[in-house]
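First the proteins, then the strands, lettered A, B, ... as listed; each starts at 1.
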There are 2 protein chains.
Amino acid sequence: MMQFTVQKDVIYNGLNVVGKAAASRGIQPVLSNVLIETIEDNSLKLCATDLDISIEINIPSIIVKKGSITLPSKKLFEIISKLPSEAVIFNLNEENNLMEIKCGKSKFDIKGISASEFPQIEYPESDEFINIDINPLLKAIKQTTFATATYDTNNVLSGVLFKIKENNLEMAATDGNRLTRVKEKIENKEKKDYSVVIPCRTLKEFAGILSGVEDKTVSITVKNSQILFKLKDRYITSRLIEGQYPAYEQLIPKNYEIKAVAEKNSLNQAIERASTMVNERTNIVKMNFNDNKLKLTADTPDLGDSCDEIEVEYTAEDLNIAFNHKYIQDFLKVVDSDKVVIELNGALAGTLFKPASEDDFLCLIMPVQVN
Amino acid sequence: MMQFTVQKDVIYNGLNVVGKAAASRGIQPVLSNVLIETIEDNSLKLCATDLDISIEINIPSIIVKKGSITLPSKKLFEIISKLPSEAVIFNLNEENNLMEIKCGKSKFDIKGISASEFPQIEYPESDEFINIDINPLLKAIKQTTFATATYDTNNVLSGVLFKIKENNLEMAATDGNRLTRVKEKIENKEKKDYSVVIPCRTLKEFAGILSGVEDKTVSITVKNSQILFKLKDRYITSRLIEGQYPAYEQLIPKNYEIKAVAEKNSLNQAIERASTMVNERTNIVKMNFNDNKLKLTADTPDLGDSCDEIEVEYTAEDLNIAFNHKYIQDFLKVVDSDKVVIELNGALAGTLFKPASEDDFLCLIMPVQVN
């Protein structure tokens, strides 16, 4: 009869981390469950998977008797969240898979499913890992995931290209209308090179499970179309997206004819205001660059029109260009720099948006042809 | 050509107040609009209505040229919300009903509908008002609206009974499963007596439009199946629900056989925990009162069961009773008192829940028969 005691806050945090991988509903009920398994005398493994992503965490616990079981992830989390911050005692009746949970004067019996029905998760060998600093990786995730395509999770465009070559990490995402690319220096002592496409959701979940970790680096490895992110007490594994990622490098203009520099906040606010009158089917905001001024306009028949103006650094010829304003705002949201540089090659050419103070991040946005 | 200037924050707050009455969609586009009308040299009336509820507010403004127009409520609010805290200049082109809105370097043209299409709202005469203190009224609204029926907004049970007789205000609500009743002393100098049924939504909107008002009292009058709440700078009028409100007084037991006293918070937490295992179709939590203890249990086949226990003051015989836990929790949410009194007349009789420190508020909840 499996039996252990764990602090409420510890198992609460653990379930919060792995719960993101549990299936919300599905054909296999066990995929909505979290696997609970004693792994050492005072350690408990929690694991959940929807077969796309698996998350696992080890938490400290007092093990009285070893064992394993799976319990409904959401319901268990709900129970634990309502308990006071005290020790919680778990007692499994293995005959009927009924887990008794006791804390103070509260007692619950929750029906589980045998651990033998839980899918086996395979991990790559540990000698193939490379280590990456977490903070620049998080920033690169934030600066790429927003630009992925959302229509089909098996399409390469719904993932983020993740390329390691020597001491360089390059990440890129595109949905065909805009492209974002980040480069970071890393220490690749292990000399492992990869070029894989990671599902957007995997990167977001990875960023999400970092709360409370003290790790400065994450170990990453790729094997059998799977990627594994390993931290001190937790893992996340995920399928990769198969297929050839588009050769985006050739789309990024090497030279530009015209350049504008704008304050990030005033540009964002001006777009925000002009976009109130945007046609919600097209989201088009028209821009006019002329004489150190950027004028923004939008209109919808039957509703009205809007017009805004900000100061920019711009000394080239009068230029009219139009964009889906959401693409520019998505870019501005992930920029730390106070100023942004806009590199233009005319009204119909892909336009580069860059933070003024960051060299290795750029966003290429295709303009929209109007009238 | 109507023309006026108004401070951004002033019109923002005004639109926020009246916007709640604008129709979100409907057959008559003008009902989604807000009426803007100059009423004095430096005052502007904003008004919106969905024909059920009308809200009106007067705001200070510099009027250059008088006039009136209706503009799309949501879109106008969106525009104003994005402007800096500065003066906003409005200029109406009466030929095409196009309102120009200017603030700093931002300019909008928004298409309106002639004010002549806006429904005329009639107000009762002012000599029929009675004045009620706002704070006790707000408390009574909070303690009744939650118990109204939600199925049909024309049914009297979907409203709150609002009865003034001499210096007493009585409000009551019931959905057939529970009943809540509040009594407040008021100063009814005007000697007007009413007994009307106010739609639940009207009372909630009334509570909602009070932000920022300095009024201590509200003037209320009833006429032609309409109720009017009048504050210094704003009105809300609403239809009343026609029909006979049930004679609920006779349902409230005058005497009780058994009494229990519980701490509000510990009772709420114990219900919260026990209810994790509740059958979501019935929401039934079973209670056992015995020997200064209250035991709570719930179960769902295939999921599991829960059990909790708290100390209560209870010295009568062992009693088993069951409730929809949401009804008890709804009551506990609106109670200020630290302790609640439960007055019982056996397992099948309506049970009274009262705050220990408030005499004039009670909630009658019907138990559920189990097994």
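Salt bridge annotation for A/Arg273-A/Asp308: present, with a cationic side-chain nitrogen under 4.0 angstrom from a carboxylate oxygen.
Crowding of A/Lys102 atom NZ: a count of heavy atoms from other residues, nucleotides or ligands under 6.0 Å not exceeding 12. Applying the 6.0 Å contact sphere to CD of B/Glu311 captures no more than 12 heavy atoms from other residues, nucleotides or ligands.
At a 4.5 Å heavy-atom cutoff, the contact between A/Lys107 and chain B is made by backbone and side-chain atoms alike. In this structure, no portion of A/Asp299 lies under 4.5 Å from any heavy atom of chain B.
Note that CD of A/Glu78 and CD of B/Glu272 are 8.0 Å apart. Values are rounded to the nearest 0.5 Å.
Between chain B and the options A/Thr276, A/Ile101, A/Leu296, the largest number of non-hydrogen pairs under 4.5 Å is found for A/Thr276. The greatest number of non-hydrogen atom pairs below 4.5 Å with chain B, out of A/Leu303, A/Leu98, A/Ile110, A/Ile79, is found for A/Leu303. For the set A/Thr297, A/Ile310, A/Asp302, the count of heavy-atom pairs under 4.5 angstrom toward chain B peaks at A/Asp302.
Under the 6.0 Å cut-off for aromatic ring centres, A/Tyr327 and A/Phe146 do not qualify, their centroids lying 6.0 Å or more apart.
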